[in-house]
Amino acid sequence: MDAQSVKTLVAIFLAAILTENYVLNKFLGICPFLGVSKKLDTAFGMSCAVTVVMVIATAVTWPLYTYLLVPNGLEYLQTIVFILVIAALVQLLETVLRKYMPPLYSALGIYLPLITTNCAVLGVTMLVLEKGAADPSFGFVQSLVNAFGSGVGFLVAMLLFAGVRERLEDCDIPETFRGLPITLVAASLVAVSFLGFNGLVDRLM
Amino acid sequence: MEFITPIVLVGVIGLLAGVILAVASIVMAVPKDEKAEALEEILPGANCGACGYSGCPGYAAAMSKGEAQPGLCSPGGPAVAKKCAEILGGGDVEMEIKCALVRCMGSYDNTADKMEYDGLEGCNAAVLLAGGSSSCLSGCMGLGDCVRACEYGAVEVCNGVAKIDPALCKACGKCVSACPKGLITLAPVKKQAVVRCHNCDKGKAVMDVCKVGCISCTKCVKTCPEGAIAMENGCAAVDPKKCTGCGQCVESCPRHVITLLDV
């Protein structure tokens, strides 16, 4: 692997975290972002589970799409096939974890069913195919790096926001804003701050 | 006929996923602990943690492994303890019924606040500011962290002091850990004398802030025919095991801070 392709992979990784953050730029996976970000430790556990599932899902759906759907001209089936595959995959992962890694299961297990129908996971696997269509050099390895970066980006967004929410707990918030409204306002501010990364990765490429 | 391929493809993928999942669930089945499941059925399911384990499933698992004794579940009481013992086959279990007890009588009639507290709601926040709003440093502030901690609605704040309803109290101990002053304890439910004060200061300091606080005069210690009362850190404390509930200490106390617990 030459220096140029390593550089490209790093750029893909950083882009997935900062400029193309699935939560804060694409607004996918908002449900766990608002639901599980009340505490730092649960936010961390959930994000780790999402990262693992994103990488494994991409590792399965990418070959499935490229070698099964495209040759048969069935690209339009990707949504239903991907949902099917991801749901089965998460269930399988849960079974494997429960059997062979009980500590990890007790840490991540409760989040896995939540991820089964997570749109961020589906988004990662599907949007990466658009990139591959636009740029033929964007292959399997690049897709995996992108998936891992997206997971880390989810983790960053969750941890940042969990920190913000823990601070919000102690604030004297006007009554009408308490609860979900102030959470959404805070989420939008965090999202706006991520706009500042725009153009950063283009320079790296 | 071009619709055959997609139908077959999705069908095959779905079938394949189903078969893999079915095989995986058989091959990687985790043996279930039937005893633990039966025990969990019996436990109240409140997950209060009074037993010292992480919720009812944790306690059930510990019991089935023999790591824990039945009878630690205070919300369940003797009935649950007996059923658990039956499943474990260990014979009868003696279980002491307990109830939360607030060791303070510092109502607004007996003591006054030293300041008007207007900060974050709750005792644990208020206590950070010069030891809390009540003029007695050990006294109940009546800001109700115990009320919020109680899942059974057994605690209320009356006239500035927390009050437990023994009929509703399950002795889960949540209020005990919620109180920043350590005022609440779990006391056995029986006819016994209890000291309703937790102030460890010297007599003069107590007299200055409260009409009823224990001034460690040790009259009760001398009066008790059973030797059940001792001074602990400058405050009288009754040993429930020795106390017969005769009530002599109640009469002797010049501060009227000892009361009889009636059952």
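What you see is a predicted model; the values in this text were computed from it and never measured. Here is how names work: the chains are called A, B, and so on, in the same order as the sequence lines, proteins then strands, and each is numbered from 1.
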Expected contact set for residues 8-27 of chain B against chain A at heavy-atom separation under 4.5 Å reads B:L9, B:V10, B:I13, B:G14, B:A17, B:I20, B:L21, B:A24, B:S25
Sorted by chain and residue number, the ring-ring contact (aromatic ring centres under 6.0 Å, His included) partners of A:F138 (sequence neighbours excluded) come out as none
Which portion of A:V85 sits near chain B, non-hydrogen atoms under 4.5 angstrom: side chain
Just checking, any donor-acceptor pair under 3.5 angstrom between side chains of A:T58 and A:T125? no
Pairs touching residues 163-182 of chain B that satisfy side-chain hydrogen bond (donor to acceptor under 3.5 Å, both in side chains), sequence neighbours left out: B:E151-B:K174
So, taking the atom named CG in B:L129 and the one named CG in B:L120, what distance separates them when rounded to the nearest 0.5 Å? 11.0 Å
Quick check for you: among A:L89, A:L64, A:L77, which has the greatest number of heavy-atom pairs under 4.5 Å with chain B? A:L77
For B:K83, is there an ion pair with B:E41 - N to carboxylate O distance below 4.0 angstrom? no
Between A:M54 and A:F148, is any pair of side-chain heavy atoms under 4.5 Å apart? no
Chain B: which of A:N72, A:D170, A:L68, A:L69 shares the most heavy-atom pairs with it under 4.5 Å? A:L68
Any salt bridge (Lys or Arg N to Asp or Glu O under 4.0 Å) involving residues 116-133 of chain A? Give me the pairs, sequence neighbours left out, ordered by first then second residue. A:E20-A:K131
